Trainee: 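Pasting in a structure now, in structure tokens, and then I'll have a few things to ask.
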Amino acid sequence: MAAQLHLSAALDDATADHLPAGAGGAGPPPYARWTRLVRLAEQGGLDFVTLDGPAGGPGRLDVLAVLARAAGTTSRIGLVPAVAALPAGRFAPLTSAAARMAVDGRAGWLVRTALPGDGPSGAQAHSRGASGAGAPGRHPGGRRPLSGARLRRPHRPPVAVVLDVHGPDRRWLQAARHADVVLLDAEHPAAAQVCRTALKQQAAQAGRDPHALRVLLRLGVDLGRGGGRGLRPRAETLHFAGPPAELAELLAEWHAEGVADGFHLLPAHAATDLLAVVYGLVPRLRERGVFRSGYRGRTLREHLAPTA
């Protein structure tokens, strides 16, 4: 059987209006909004969803709390919230609901700092974002770095790093040595293909199974809201506008050509575009035999396992 592609989505668009008008951060965020979106993504069989909030200021979204709520109403989909740094304790500072999410193997972290340094100086390679285990360790801001051995522990949540094609650099080396997933920004599919090949070669040189490193191309999507159609780069990320059927054809073609192991979708409008992904894109990918008919297991690591 040919390898099937991986599919995930960012729910960040939904954070733009999480505060009531004029509230100034006074009321609680509408958890039900994200819970519905996460349940919808699980209906489509997506590997995982990521959620990041505004960079700061009043009313900053508590993404841990949001996905902890969602964990109680879902059972399979991976949940990857953004945090400023890896927690010092195994599950700290998780709520009990988020701890259960980690225990059942569906958790990850979207960390805005770095993977552990491997150079003689122990320098940290800063990525634009990463998801990783809440394993014991410390961050450069007063915490010692996690060891590569701990990051490769079989029971810890998968580690992902956001990279762009302007490498290779230290971040690439860190990703090749420690990451399970690379979320790749590229302005052209050919550039993504070259980067995927280079990253897997570096993983092999580091003594890892290169097939264990999953490279997902980040792709902005605007499905069916009118306006211009087509594929175009925007701020180093590819963006597609058009119907789900055309996107399915494009993703299947790119996957067959080795552009990426899968795709991390960035919906322009989370509520409407995710509906189009689940009920339009996913069925067409399954018809083509390039996306699984359902979850093979219950953990995020099982979802990300090579399919062939």
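The structure presented is a predicted model; accordingly, all values stated were derived computationally and were not measured.
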Trainee: Looking at every non-hydrogen atom in both residues, tell me the closest pair between Ala186 and Leu217 and how far apart they are.
Mentor: CB-CD1, 4.0 Å

Trainee: Between atom CG of Leu11 and atom CG of Asp273, what is the distance when rounded to the nearest 0.5 Å?
Mentor: 11.5 Å

Trainee: Just verifying a value: how many Å separate Thr299 OG1 and Arg106 CZ, rounded to the nearest 0.5 Å?
Mentor: 10.5 Å

Trainee: Which heavy atom in Ala203 sits nearest to a heavy atom in Pro210, and how many Å separate them?
Mentor: CB-CA, 4.3 Å

Trainee: Taking all non-hydrogen atoms of both residues, which atom of Leu37 and which atom of Ala271 are closest, and how far apart?
Mentor: CD2-CA, 3.8 Å

Trainee: Has Arg296 got a side-chain atom pairing as donor or acceptor with His303's backbone, closer than 3.5 angstrom?
Mentor: yes

Trainee: To the nearest 0.5 Å, tell me how far Arg218 CZ sits from His264 NE2.
Mentor: 6.0 Å

Trainee: Where do Phe291 and Gln4 land on the side chain to side chain contact (heavy atoms under 4.5 Å, CB included) test, with the steps shown first?
Mentor: CA-CA 5 Å; Phe291 189 60; Gln4 296 179 318; 5.7 Å; no

Trainee: With side chains defined as the heavy atoms from C-beta onward, is the minimum distance between Pro267 and Val277 less than 4.5 Å?
Mentor: no

Trainee: Under the side chain to side chain contact (heavy atoms under 4.5 Å, CB included) criterion, do Val80 and Leu300 qualify, and how do the steps go?
Mentor: CA-CA 10 Å; Val80 182; Leu300 179 53; 4.3 Å; yes

Trainee: Supply the atom-to-atom distance Leu223 CG to Leu274 CG, rounded to the nearest 0.5 angstrom.
Mentor: 10.0 Å

Trainee: Taking all atoms of both residues into account, what is the closest heavy-atom pair of Ala175 and Leu213, and its distance?
Mentor: O-CD1, 4.2 Å

Trainee: Restricting to salt bridge (Lys or Arg N to Asp or Glu O under 4.0 Å), what partner residues turn up for Asp261, sequence neighbours left out?
Mentor: Arg196, Lys200

Trainee: Side chain to side chain contact (heavy atoms under 4.5 Å, CB included) with Thr74: which of Val38, Thr35, Leu67?
Mentor: Val38

Trainee: Got a list of side-chain donor-acceptor pairs under 3.5 Å for residues 243-258, not counting sequence neighbours?
Mentor:
{"from": "Glu246", "atom 1": "OE1", "to": "Arg229", "atom 2": "NH2", "distance (Å)": "3.3"}
{"from": "Glu246", "atom 1": "OE2", "to": "Arg229", "atom 2": "NH2", "distance (Å)": "2.1"}

Trainee: Only one of Leu51, Leu64, Thr50, Asp52 forms a side chain to side chain contact (heavy atoms under 4.5 Å, CB included) with Pro81, so which one is it?
Mentor: Leu64

Trainee: Do the non-hydrogen side-chain atoms of Cys195 and Val215 ever get within less than 4.5 Å of each other?
Mentor: no

Trainee: Does the pair Leu265 and Leu281 meet the rule for a side chain to side chain contact (heavy atoms under 4.5 Å, CB included), with working shown?
Mentor: CA-CA 11 Å; Leu265 304 180; Leu281 175 65; 3.8 Å; yes

Trainee: Can you tell me how far apart CG (Asp180) and CZ (Arg214) are? Round to the nearest 0.5 Å.
Mentor: 10.5 Å

Trainee: If you group Ile, Leu, Val, Met, Phe, Trp and Tyr by side-chain heavy-atom gaps below 4.5 Å, do Val278 and Leu5 land in one group?
Mentor: yes

Trainee: Any donor-acceptor pair under 3.5 Å linking the side chain of Arg284 with the backbone of Gly280?
Mentor: yes

Trainee: Name the atoms and distances for all side-chain donor-acceptor pairs under 3.5 Å in residues 39-49, with sequence neighbours left out.
Mentor:
{"from": "Glu42", "atom 1": "OE2", "to": "Ser75", "atom 2": "N", "distance (Å)": "3.0"}
{"from": "Glu42", "atom 1": "OE2", "to": "Arg76", "atom 2": "N", "distance (Å)": "2.5"}
{"from": "Glu42", "atom 1": "OE2", "to": "Ile77", "atom 2": "N", "distance (Å)": "2.9"}
{"from": "Gln43", "atom 1": "OE1", "to": "Tyr279", "atom 2": "OH", "distance (Å)": "2.8"}
{"from": "Asp47", "atom 1": "OD1", "to": "Arg292", "atom 2": "NH2", "distance (Å)": "2.3"}
{"from": "Asp47", "atom 1": "OD2", "to": "His6", "atom 2": "ND1", "distance (Å)": "3.1"}
{"from": "Asp47", "atom 1": "OD2", "to": "Leu7", "atom 2": "N", "distance (Å)": "3.1"}

Trainee: Decide whether Leu266 and Leu275 are clustered together by the hydrophobic rule: side chain heavy atoms of Ile, Leu, Val, Met, Phe, Trp, Tyr closer than 4.5 Å, transitively.
Mentor: no

Trainee: About how many Å separate CD of Gln174 and CD of Gln202, when rounded to the nearest 0.5 Å?
Mentor: 10.5 Å

